[in-house]
Every structure is written in C-alpha cells, then in structure tokens.
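Sharing a structure with you now.
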Amino acid sequence: MTSLPLVFDSPRPGKPPVHLADLDEPGRRAAVGALGLPGFRADQLSRHYFGRFETDPEQMSDLPAALRDQVRATVLPQLLTEVRTLETDSGTTRKTLWRLHDGALVESVLMRYPDRITVCVSSQAGCGMACPFCATGQGGLTRNLSAAEIVDQVVAAARVSRDRFGGRLSNVVFMGMGEPLANYPRVSTALHRLTDPAPAGLGLSQRALTVSTVGVVPAIGKLAAEGLNVTLAVSLHAPDDELRDNLVPVNTRWKVAEVLAAADAYAARTGRRYSIEYAMIRDVNDHGWRADLLGDLLAPRRAHVNLIPLNPTPGSQWDASPKPVEREFVRRLEARGVPVTVRDTRGREIDGACGQLAAAG
Ligand code: SF4
C-alpha cells in the first residue's frame, strides 16, 4: 500500500530562533540578563505573552521603546506568519496556514463548541510516519517544530478565542501535522509551557491536553514518566498486525500488542483512560470480524474507541466506510462493553480534519 520510508530524524535540522516560550523561568531571566536587563523584565514579557497573548514588543507600552527591537531580536522573534485563514461551520471552525522562519508551512485548526474551544496544533512540518491514507504523510517530513513554534500556535488560538469568540481557549489536541512523539523533547517542553501556571506558561489544565501517537512505544514510556496527566490518544486504525503493518507503517517497529501495553502502562501511571483512534476506511479496516477483534483486545483495558469517518483527500483511493457499516462496527464494540464515540467531521469543507492537513501553499 505504501512505498514511503519511515523517517524518525528531522532531515532538515533548521534551527528556528530561540523564543521566550522555549525557555523556563530561569532561562528567561538569563536571556534578559544577557541583554543587560534586570530579571523583572523576563516576568513582564511572560505576562504579555502568556497572559495577554501579545507577541509584538511594539505593543508592549510598559517596555521602553528603545528596548523593543532588542527584545524582538532576542527573546520574542516572530515565529509564525499567517498565510491565510479559512472558515467554515458559520465561522466556528478556522484553519490557519502558517509560514515558519525558513519557509516551512504548518496548519492549525481552531474549533468552537458550545462547551469548549479547542485548537488542533501541528508538531512537525510534514510527517515521517508514511501512513498511506493521510495527506500529511504523503508529503514526508520537512522538520521538527521547536517548542515555541508549537506554543505560538496555541497562543494565537487563545488570542482569537478571546477576540473573536469572546471565550477562553480550553483544549489543545496534538493531532495536526506530524507525529508528536517523534519530536519528543520539543513536544514535552511545549506541554510544560502550556500547563505551567501563568505567567510562567498558559496555565491550561493537563487534562485538557491530548497527545496523539501512532505508537512510538519508547516515547509513550517517557511521557508516562513525565508526570503530566495529559490524555493519550493512540491512532491504531487496525487491530491486527498484518493490516496495521501496511496502514500504519510504524507497526513494523512496534506491534499492536506492544503499543497497547505501553498505553496500558500510561493509563496505570496517570489513572486516565486512553483513546483509540480508528479511521473507518471502506473495505480496508471496517470488517465485522475486525470490530470483534478490536473489541476483544480492548474490553479488559481502560480505553475507549473514537471512530473517525475517513476524510476524503483529493485523488485518493481511500474512502470512508458507509454509515451502515460504521453502525455495525459500533454495535459490535459496544456488545463487548467497549465505549465508542464517532467523531464529528468538522472542518471537512476546508480540509481541516484529521489526515487532511497537507499545507498546500
Ligand atoms: S496519520 Fe498522523 S502519523 Fe500517520 S502520516 Fe498522517 S500525520 Fe503522520
């Protein structure tokens, strides 16, 4: 089904400029100290950035004008340039394409629901995991994002949530471009920045963050040891190794049983149920016997299944399962006592749903 290789190492190391959001509090004080500024300036900049979502030193009226250029050049460089934003669902879904300092393109999607505001962020430009049904995977990996490039997508979303939606950004899902756990150190730093209490970070609830993975087993172990109670989402897409080897090529490294064992260990450490993401692909992984096998695998575990109607991508041979097939899949899982939800397909009209983020400029 696929001939693309798995790529774990960023082919273009591309060093984005260091930014406040890459640094912990001592690091920020050291950075402003290197400019000959007193430590309180670090807290002041943090309050602007994490508390008011202000990224432009020019707008920081309590920062002496003479310092603003220096600050921009050293600790608050512009990381993301908006190329375009598309809206759908009456403006409650917004997909933004960003250009990074080196021209790499990534996307994030902001979704307002009645009870929450969620942003889906990218953790890599492109993706090296080569899943054949996914638009992002077909483009390969361009490079890892820095922690600040990830955080800055969230800060931009928090600003739009406040200014456009009149609300507070509540949830962050790492389900945009890239495999988050293939960029572990930067994603881990970003998770800390997002959950550190203000002004050190954005002060989001750990439980409101979801990290998805195709099953990079060693990194699931590291995340478990990290002490953050974020939600883990495993993109399984097939319950049997034979199919999964093709559908999710990382399975040739870590098999279904190993991935589930790592997720179980995560659940045991955090006390949190994990989710199994399963894209329903017509005649590929939607058979009744696969639902039974998945149900048998998951019945004894602290897992729920999130079925994702596959989003069509242009020119793709992959198609969504028909609704009756999807209903039968749900029925068989529920018959085994496995909780199931079917994800809504918000953003489909603007290619902003899972597996569709290909960042075409
Ligand atoms: S489905 Fe996820 S892990 Fe697989 S290629 Fe696409 S972005 Fe990467």
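Whatever order the structure lists ligands and atoms in, that order sets their numbers, starting from 1.
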| Checking Y49 side chain against V155 main chain: does a donor-acceptor pair fall under 3.5 Å? | no
inquiry  = I need the atoms of ligand 1 closer than 4.0 Å to a non-hydrogen atom of V214, numbered in the order shown.
reply    =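 Those qualifying, in numeric order: 3 (S).
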Is Q206 reaching over with its side chain to a backbone N or O of N229, donor-acceptor style, under 3.5 angstrom?
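Side chain of Q206 to backbone of N229, a donor-acceptor pair under 3.5 Å: yes, one is there.
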Atom 4 (Fe) of ligand 1 to nearest N/O/S of C134 below 2.8 Å: no
Review point. Is any N, O or S atom of C131 under 2.8 Å away from atom 8 (Fe) of ligand 1?
Key: no
Per side chain to side chain contact (heavy atoms under 4.5 Å, CB included), V340 is matched among H304, R332, E334 by E334
Answer yes if the side chains of R47 and Q44 hold a donor-acceptor pair under 3.5 Å, and no otherwise. no
